[in-house]
Amino acid sequence: MRAARYTAGVIGLISATGLASLPVQAEIGWPEKDELKFGFIKLTDMAPLAIAYEKGYFEDEGLYVTLEAQANWKVLLDGVIDGQLDGAHMLAGQPLAATIGFGTEAHIVTPFSMDLNGNGITVSNSVWEQMKPNVPKRGDGRPEHPISAEALKPVVEDYRQKGKPFKMGMVFPVSTHNYELRYWLAAGGLHPGYYAPHKGDTSGTLEADVLLSVTPPPQMPSTLEAGTIYGYCVGEPWNQQAVFKGIGVPVITDYEIWKNNPEKVFGMASAFTEQYPNTTVRVVKALIRAARWLDENDNANREEAVEILSRPYYVGADYDVIANSMTGTFEYEKGDKREIPDFNVFFRYNATYPYYSDAVWYLTQMRRWGQISEYKSDDWYMQVAKKVYRPDIYRQAAEALIAEGVMTADEFPDFARESGFRAPQTEFIDGITFDGTRPNAYLEQFPIGMKGEDRI
């Protein structure tokens with residue numbers, strides 16, 4: 001076993017591997033900075049970092065890496081901005097929001113997308129019992145999935161009539177979870193509320209039928225159990241934890257809201273990538289290899305990955321809880337376990353490539369819910385996407401891996417033809433098509449949400 005020390009949630013890499021043992025690369029020089037600290041939140045989708053560390057992929061690049069769990073997403077972002085962290089497992093919306101000045105302003109970039117899918121929406125047992133009469137059933141009596149938020153609408157209306165606000169949790173204002181929960185609610189006719197930063201209102205609850213608030217991922221189950229919230233959207237293993245504890249029921253996965261949606265990214269300060277370009281490319285090389293390992297041979301390595309992630313200094317949840325979603329299944333109601341082989345995707349479907357269109361989707365949701373408070377041209381969306389998402393760095397890393405014979409060209413997009421925009425995507429729960437090259441036309445399709453010149 002690799003020599004390492006584990007203290008207070010920190011993983012320190014101690015290795016005798018030296019740069020002299022590495023193959024010389026004409027294209028990529030030695031790392032300008034070889035001692036690095038990366039942050040993460042205790043979620044299964046931090047897996048590429050853990051695997052790059054445990055399998056020695058960072059070492060292969062001459063990098064001596066420490067991985068450190070962070071208390072919450074704000075602490076993590078601040079760590080990257082002030083240089084305490086050299087990079088981090090981030091919410092995809094964080095580099096974009098920071099760069100456009102929503103919240104803390106800083107130029108953060110992402111040269112690597114960490115995964116697709118991986119989230120779910122869970123409600124309390126009592127809310128589920130109230131929803132069930134509104135949910136269509138299959139022939140075997142089990143609920144028909146995906147479950148629309150239309151089934152929740154009468155429950156919310158009942159709470160309103162009783163003078164009780166209906167409260168749900170998400171992990172951060174610019175998290176995928178916030179946008180996915182809002183998307184699901186709005187698709188079912190429930191308004192999740194607007195932000196109005198130009199008025200100093202960052203609550204996100206203006207005109208809301210459902211009040212959304214921030215709760216750190218590991219605290220979601222206990223907050224639900226305490227009755228502070230009636231449901232939440234979070235990444236794994238915290239939906240499955242609710243099932244194991246018998247306190248809640250996951251009603252839908254983000255795979256069912258938007259098939260193969262982009263999730264976390266690896267974020268770095270733009271200044272870091274400029275000062276240490278070789279280091280940056282080598283980090284991405286290691287992460288690409290880790291992502292490939294996680295998906296290769298039809299997820300054959302997932303059980304080993306679950307064992308690694310269950311260790312207290314990574315995710316720290318029970319093996320069985322993590323395995324419930326990480327190994328190709330997902331349990332809804334207790335005992336209702338179904339096959340979802342793509343619930344967690346780390347490499348296939350070009351999951352690691354930082355597509356501009358992914359960035360545009362997040363920006364449209366910021367505009368839809370008022371975090372971007374005024375109309376922006378299509379060109380503005382493109383410029384921001386290209387400022388933050390860095391497929392040029394990714395391409396350098398991929399081509400180096402191909403040149404070394406570690407990977408093959410057919411494992412990556414065709415870089416000579418790649419535009420950075422996915423083909424229009426149609427597999428959303430509301431049937432609306434997303435074309436990343438036409439953000440304003442996309443926004444016009446939604447019956448609930450800001451568009452055009454709308455302003456609170």
Side-chain angles (χ1 to χ4, degrees), residues 41 43 72-74 91 93 103 119-135 147-197 200-236 238-243 245-254 257 332-333 365 368-371 448-449 456:
I41 298 293
L43 293 161
N72 57 55
W73 292 112
K74 185 180 187 309
L91 300 161
N119 298 330
I121 297 173
T122 292
V123 298
S124 69
N125 290 336
S126 61
V127 169
W128 173 238
E129 288 303 316
Q130 295 171 75
M131 287 178 65
K132 281 174 78 171
N134 311 319
V135 177
I147 293 173
S148 167
E150 289 178 358
L152 180 64
K153 195 171 183 180
V155 182
V156 173
E157 290 172 352
D158 182 60
Y159 273 64
R160 183 188 294 117
Q161 288 173 7
K162 293 175 179 176
K164 294 172 62 178
F166 195 89
K167 298 175 288 187
M168 299 187 77
M170 46 79 184
V171 308
F172 203 67
V174 296
S175 67
T176 319
H177 320 79
N178 186 21
Y179 303 131
E180 288 170 348
L181 181 51
R182 287 169 175 274
Y183 201 104
W184 180 69
L185 290 169
L190 289 166
H191 201 305
Y194 289 127
Y195 295 84
D201 190 320
T202 57
S203 68
T205 59
L206 298 174
E207 301 182 19
D209 297 322
V210 177
L211 303 182
L212 307 187
S213 60
V214 171
T215 301
Q219 296 174 27
M220 287 290 192
S222 59
T223 307
L224 182 74
E225 190 171 19
T228 307
I229 54 177
Y230 309 125
Y232 57 72
C233 182
V234 74
E236 286 307 319
W238 308 116
N239 296 288
Q240 294 302 286
Q241 184 79 299
V243 177
K245 293 183 72 174
I247 61 171
V249 175
V251 292
I252 192 167
T253 67
D254 60 344
I257 297 170
Y332 295 95
E333 245 182 315
Q365 301 311 292
R368 183 181 181 187
W369 305 118
Q371 291 172 332
I448 297 177
I456 287 286

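The structure presented is a predicted model; accordingly, all values stated were derived computationally and were not measured.
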If we only count heavy atoms from C-beta on, is the [X] to [Y] side-chain gap below 4.5 Å?
X	Y	result
L152	V127	yes
P218	W238	yes
C233	I121	yes
W73	P217	yes
Y230	V155	no
M168	L212	yes

Indicate the atoms forming the closest heavy-atom contact of [X] with [Y], along with that distance.
X	Y	result
N239	V234	ND2-O, 2.8 Å
A151	N134	O-ND2, 3.0 Å
L224	G231	CD1-N, 3.5 Å
P221	I247	O-CD1, 3.2 Å
A149	G188	CB-CA, 3.9 Å
I147	I252	O-CD1, 3.6 Å

Determine yes or no for a side-chain-to-main-chain donor-acceptor pair under 3.5 angstrom, with [X] supplying the side chain and [Y] the backbone.
X	Y	answer
D254	N119	yes
W128	T122	no
Q130	S126	yes
N125	G248	yes
R160	F166	no
T205	A208	no
Y232	T223	no

Under 3.5 Å, is there a donor-acceptor pair between the Q371 and Y179 side chains? yes
From [X] atom [atom1] to [Y] atom [atom2], the distance as rounded to the nearest 0.5 Å:
X	Y	atom1	atom2	value
T253	E180	OG1	CD	9.0 Å
H177	L43	NE2	CG	6.0 Å
M170	T176	CE	OG1	12.0 Å
I257	L181	CD1	CG	8.0 Å
I448	E207	CD1	CD	11.0 Å
R182	Q365	CZ	CD	10.0 Å

Residues forming a side chain to side chain contact (heavy atoms under 4.5 Å, CB included) with A187, sequence neighbours excluded: I429, D430
Salt-bridge test for D209 and K153: reply yes if a basic N is under 4.0 Å from a carboxylate O, no otherwise. no
Aromatic rings H191 and W369: how do their planes relate, parallel, tilted or perpendicular, breaks at 30° and 60°? perpendicular
Checking side chain to side chain contact (heavy atoms under 4.5 Å, CB included) between F172 and each of N178, L91, I41, which is the one that passes? L91
Is the number of heavy atoms from other residues, nucleotides or ligands under 6.0 Å of K167 NZ greater than 12? yes
